[in-house]
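One structure below.
One-based numbering along the sequence shown. Just so you know, ligand 1 is whichever comes first in the structure, and atom 1 is the first atom listed for that ligand. Computed from a prediction, not measured in an experiment: that's the story for all the values here.
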Amino acid sequence: MHQRLYAAIPPFECIEGCTDCCGPVPWSAWELKHAGLDAPPPERADQACVFSLAGHCGIHDRRPLMCRLYGAVEDLRCPHGRGPLVPLPAAEGHELVRRYKLANGMD
Ligand code: SF4
Ligand code: SF4
């Protein structure tokens with residue numbers, strides 16, 4: 001299910017070395033297991049994600065849904081103007097989040 005949701009998100013290239021939009025994100029049980037975690041990573045005082053390492057995501061291929069949506073959806077735009085040529089319409093982004101939450105018992 002997660003892989004199907006991820007596949008619906010248009011890909012794009014971030015600025016090399018940028019993790020400006022990274023911070024605390026929700027994790028489903030599957031995403032935790034996929035990333036080899038027992039629990040969500042602890043929040044840091046500066047709100048930076050613990051996987052944000054020298055401008056790179058340390059678990060890029062295993063990052064959770066919200067990380068993938070940021071910059072790719074019309075109402076989650078990158079502050080630096082990066083994003084896919086055709087961003088996902090807001091309603092479709094919201095629908096992916098709805099299905100993700102429903103499948104994972106999140107409210
Ligand atoms: S989406 Fe934008 S702000 Fe976020 S990491 Fe990529 S380039 Fe940086
Ligand atoms: S998991 Fe990776 S992409 Fe997601 S917030 Fe952390 S550093 Fe950024």
Side-chain angles (χ1 to χ4, degrees):
M1 183 278 290
H2 285 77
Q3 298 291 4
R4 280 203 304 276
L5 296 179
Y6 297 167
I9 302 168
F12 66 96
E13 291 285 327
C14 282
I15 297 169
E16 180 70 21
C18 180
T19 53
D20 286 356
C21 63
C22 293
V25 290
W27 292 79
S28 71
W30 183 89
E31 287 170 330
L32 287 172
K33 191 172 172 200
H34 189 52
L37 301 172
D38 294 326
E43 284 187 21
R44 297 189 344 187
D46 63 0
Q47 295 289 297
C49 176
V50 295
F51 295 114
S52 171
L53 307 169
H56 292 278
C57 174
I59 56 160
H60 190 261
D61 291 344
R62 294 166 290 146
R63 68 198 189 287
L65 181 79
M66 283 311 295
C67 306
R68 296 167 190 266
L69 287 172
Y70 200 89
V73 186
E74 272 176 350
D75 60 351
L76 284 175
R77 303 310 299 270
C78 165
H80 304 305
R82 290 298 176 107
L85 204 57
V86 181
L88 202 63
E92 290 182 31
H94 295 174
E95 175 60 14
L96 292 184
V97 173
R98 189 193 69 78
R99 285 166 52 198
Y100 170 81
K101 287 183 171 177
L102 186 68
N104 290 293
M106 300 166 162
D107 46 32

Show which atoms of ligand 2 fall inside a sub-4.0 Å distance from at least one heavy-atom site of Cys67.
-> 1 (S), 3 (S), 4 (Fe), 5 (S)
Measure across Pro89 and Val73 and return the closest heavy-atom pair with its distance rounded to 0.1 Å.
-> O-CG1, 4.0 Å
Numbering as shown, the atoms of ligand 2 that approach Ser52 to under 4.0 Å (heavy-atom distance) | 7 (S)
Of all the non-hydrogen atoms in the protein, which one sits nearest to atom 5 (S) of ligand 2, and at what distance?
-> Cys22 CB, 3.5 Å
Heavy atom of Gly23 under 4.0 Å from ligand 2?
-> yes
Over all atoms of both residues, closest heavy-atom pair of Pro84 and Pro11 | CB-O, 3.6 Å
Where does the angle between the aromatic ring planes of Tyr6 and His2 fall among parallel (under 30°), tilted (30 to 60°) and perpendicular (over 60°)?
-> perpendicular
Would you mind running through ligand 1 and noting each atom that sits below 4.0 Å from a heavy atom of Cys18?
-> 3 (S), 5 (S), 7 (S), 8 (Fe)
pair Glu31-Leu65: side-chain heavy atoms closer than 4.5 Å | yes
Report the member of Cys57, Gly55, Cys21 with the shortest heavy-atom distance to atom 4 (Fe) of ligand 1.
-> Cys21
Nearest protein heavy atom with distance in Å, relative to atom 2 (Fe) of ligand 1 = Cys78 SG, 2.3 Å
Tell me, please, if Cys14 has any N/O/S atom, main chain or side chain, under 2.8 Å from atom 6 (Fe) of ligand 1?
-> yes
Near His80, which atoms of ligand 1 are under 4.0 Å from a heavy atom of that residue?
-> 3 (S)
Can you pull out the closest protein heavy atom to atom 7 (S) of ligand 1? Residue, atom name and distance to 0.1 Å, please.
-> Ile15 N, 3.5 Å
Quick check: does Cys49 have an N/O/S atom under 2.8 Å of atom 4 (Fe) of ligand 2?
-> no
Would you sort out whether His60 and Phe51 count as a ring-ring contact (aromatic ring centres under 6.0 Å, His included), showing the intermediate values?
-> CA-CA 9 Å; His60 190 261; Phe51 295 114; over 10 Å; no
Of the non-hydrogen atoms in Cys78 and Tyr70, which two are nearest, and what is the gap between them?
-> CA-CE2, 4.2 Å
For Thr19 and Ser52, which heavy atoms make the closest approach, and how far apart are they?
-> OG1-OG, 2.8 Å
Minimal non-hydrogen separation, Ala35 against Trp27, with atom names = CB-CZ3, 3.9 Å
